[in-house]
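Everything below concerns the one structure shown next.
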Amino acid sequence: MTDDESQARYAEGFSRLLPADERVRAVAKVRAGGGLTPAPPARPPAAPAAGRPSVLGVLLTVLSPNITFGRADSAVDWLFFGVGGRGEPDSRAAELHHAVTVATKGFGIRDLVLGVTDQRLLLGATAPVGLLSRSSADERAQADIELLGSVPRTRVTARFGRYRLNWKRLRLDFADGSWLSFHVPMAESGRPLREIAAALSAG
């Protein structure tokens, strides 16, 4: 399975969700940017974590991300990855980041995919697959995309570049002042992210 074949299946998956007069211009498999992220949409208040993060909490959070220690998690996120997004709870960035969080915490492994059409920026997730799934199942999942959110092209701009440990990062700035970032691993090509940025900049 080549990268170009995967790209074509992602585009096919988005195209199935679009009206007849809307066309896909670019797609990219991405990971949500690391670091501090926008506040989640408003929910019933929870008990706040009191005090500063302890040295032990920060150390254990680094050694085992599955162990959480309140403020220590935020401290580690900021130290290693900086800021992955900003926005108020009712912002575009918060809305999209919450959708990503919900989609990726469910059963199975799902890939996040960004798409740009002649009208919108799209954020989707592929159908879930198992850890040891066959390549044929992976290919079907790539073309079976759930739309997590969309933003009119006129309400978003994009910048591609390096930020701390995210060497290939795409920052999306929304018209409400919020922003969100996505990246790909160092071993993967940054071309799809550059194509997303270019498609959003094109007339």
Side-chain angles (χ1 to χ4, degrees), residues 1-33 41 84-85 91-131 133-160 166 168-176 178-185 187-203:
M1 181 178 4
T2 67
D3 290 342
D4 287 342
E5 289 171 340
S6 295
Q7 293 286 99
R9 278 188 282 273
Y10 297 140
E12 177 187 350
F14 275 133
S15 295
R16 292 175 178 174
L17 306 175
L18 302 178
D21 61 345
E22 191 171 1
R23 296 288 183 271
V24 176
R25 290 189 173 181
V27 294
K29 184 181 82 168
V30 296
R31 294 183 181 180
S91 66
R92 284 286 194 180
E95 173 189 324
L96 294 178
H97 185 262
H98 178 67
V100 165
T101 301
V102 172
T104 54
K105 280 189 175 180
F107 171 78
I109 299 171
R110 308 183 74 180
D111 290 331
L112 297 176
V113 186
L114 288 175
V116 177
T117 74
D118 47 9
Q119 301 177 33
R120 296 181 288 169
L121 168 75
L122 309 174
L123 173 62
T126 60
V129 295
L131 182 62
S133 61
R134 297 177 181 271
S135 59
S136 57
D138 293 339
E139 292 172 4
R140 287 193 299 272
Q142 289 176 347
D144 184 5
I145 291 181
E146 176 191 358
L147 186 62
L148 304 180
S150 68
V151 182
R153 286 185 54 190
T154 56
R155 309 290 291 174
V156 58
T157 59
R159 287 182 286 168
F160 175 80
N166 291 336
K168 300 170 182 177
R169 188 178 85 150
L170 182 75
R171 171 170 163 160
L172 300 173
D173 288 88
F174 304 105
D176 63 4
S178 65
W179 63 272
L180 198 59
S181 66
F182 296 88
H183 71 280
V184 296
E188 296 182 13
S189 171
R191 178 174 60 88
L193 292 186
R194 289 193 293 269
E195 291 176 347
I196 291 288
L200 285 172
S201 301

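In what follows, every heavy atom counts, from backbone to side chain, and hydrogens, waters and symmetry copies are set aside.
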Those residues at least two apart in sequence (or on a different chain) that pass side chain to side chain contact (heavy atoms under 4.5 Å, CB included) with S136 are R134, R140

Side chain to side chain donor-acceptor pair (under 3.5 Å) for E22 and T117? Distances and angles first, verdict last.
CA-CA 7 Å; E22 191 171 1; T117 74; 2.6 Å; yes

Quick check for you: to the nearest 0.5 Å, what is the distance between Q119 atom CD and T154 atom OG1?
10.5 Å

Check whether any side-chain heavy atom of L172 lies under 4.5 Å from a side-chain heavy atom of W179, and answer yes or no.
no

Given 3.5 Å as the limit, does a donor-acceptor pair link the side chain of E146 with the main chain of G124, or not?
no

Would you sort out whether L96 and V151 count as a side-chain contact (heavy atoms from CB on, under 4.5 Å), showing the intermediate values?
CA-CA 10 Å; L96 294 178; V151 182; 4.1 Å; yes

So do V24 and L18 actually touch side chain to side chain, heavy atoms under 4.5 Å?
yes

Tell me if a side-chain donor or acceptor on D176 pairs with a main-chain N or O of R92 at a distance below 3.5 Å.
yes

Kindly indicate whether the side chain of R31, heavy atoms from C-beta on, has any atom under 4.5 Å from the side chain of P185.
yes

Looking only at non-hydrogen atoms, find the nearest pair between A137 and V129 and report the distance.
O-CG1, 4.0 Å

Any donor-acceptor N/O pair, R171 side chain to R159 backbone, under 3.5 Å:
no

Got a donor-acceptor contact below 3.5 angstrom from the R110 side chain to the F107 backbone?
no

Quick one: list whatever passes side chain to side chain contact (heavy atoms under 4.5 Å, CB included) with V184, sequence neighbours left out.
K168, E188, L193

Measuring from L148:CG to L112:CG, what's the distance to the nearest 0.5 Å?
7.0 Å

Give me the atom names and distance for the closest heavy-atom approach of V100 to T104.
O-OG1, 2.8 Å

So which heavy atom on P128 is nearest to which on G108, and how close?
CB-CA, 4.0 Å

How close do H183 and A32 get, heavy atom to heavy atom, and via which atoms?
CE1-O, 3.3 Å

Report the C-alpha distance between V156 and D173 in whole Å, list the side-chain angles of each, state the deciding distance to 0.1 Å, and finish with yes or no for side-chain contact (heavy atoms from CB on, under 4.5 Å).
CA-CA 6 Å; V156 58; D173 288 88; over 6 Å; no

Just by modelled atom types, is the L122 backbone N or O under 3.5 Å from a matching donor or acceptor in the S150 side chain?
no

State whether D4 and R191 are salt-bridged, where the test is any N-O pair (Lys NZ or Arg NE/NH1/NH2 against Asp/Glu carboxylate O) under 4.0 Å.
yes

Apply side-chain contact (heavy atoms from CB on, under 4.5 Å) to F174 and L180, showing your working.
CA-CA 8 Å; F174 304 105; L180 198 59; 4.1 Å; yes

Report the residues that fulfil side chain to side chain contact (heavy atoms under 4.5 Å, CB included) with D144, sequence neighbours left out, ordered by chain and then residue number.
A127

Nearest 0.5 Å please: distance from the CZ atom of R9 over to the CD1 atom of I145.
11.5 Å

For the residue pair P192 and K29, establish whether any side-chain heavy-atom pair is separated by less than 4.5 Å.
no

Could you give me the CA-CA distance, side-chain angles and deciding distance for V116 and R153, then say whether side-chain contact (heavy atoms from CB on, under 4.5 Å) is met?
CA-CA 8 Å; V116 177; R153 286 185 54 190; 4.2 Å; yes

Within the distance-only criterion (no hydrogens, no angle test), does the side chain of T126 pair as donor or acceptor with the backbone N or O of Q142 below 3.5 angstrom?
no

Does any non-hydrogen side-chain atom of Y10 lie less than 4.5 Å from one of D111?
yes

Where is the tightest heavy-atom contact between A93 and S178, given as atom of each residue plus distance?
N-OG, 3.2 Å

Check whether any side-chain N or O of S181 sits under 3.5 Å from a backbone N or O of L170 as a donor-acceptor pair, and report yes or no.
no

Hey, could you give me the CG/CG distance between L114 and L123, rounded to the nearest 0.5 Å?
5.5 Å

Taking the basic N atoms (NZ, or NE/NH1/NH2) and the acidic carboxylate oxygens, is any pair closer than 4.0 Å for E195 and R25?
no

About how many Å separate CZ of R169 and CZ of F160, when rounded to the nearest 0.5 Å?
11.0 Å

From D21 atom CG to D118 atom CG, the distance as rounded to the nearest 0.5 Å:
7.5 Å

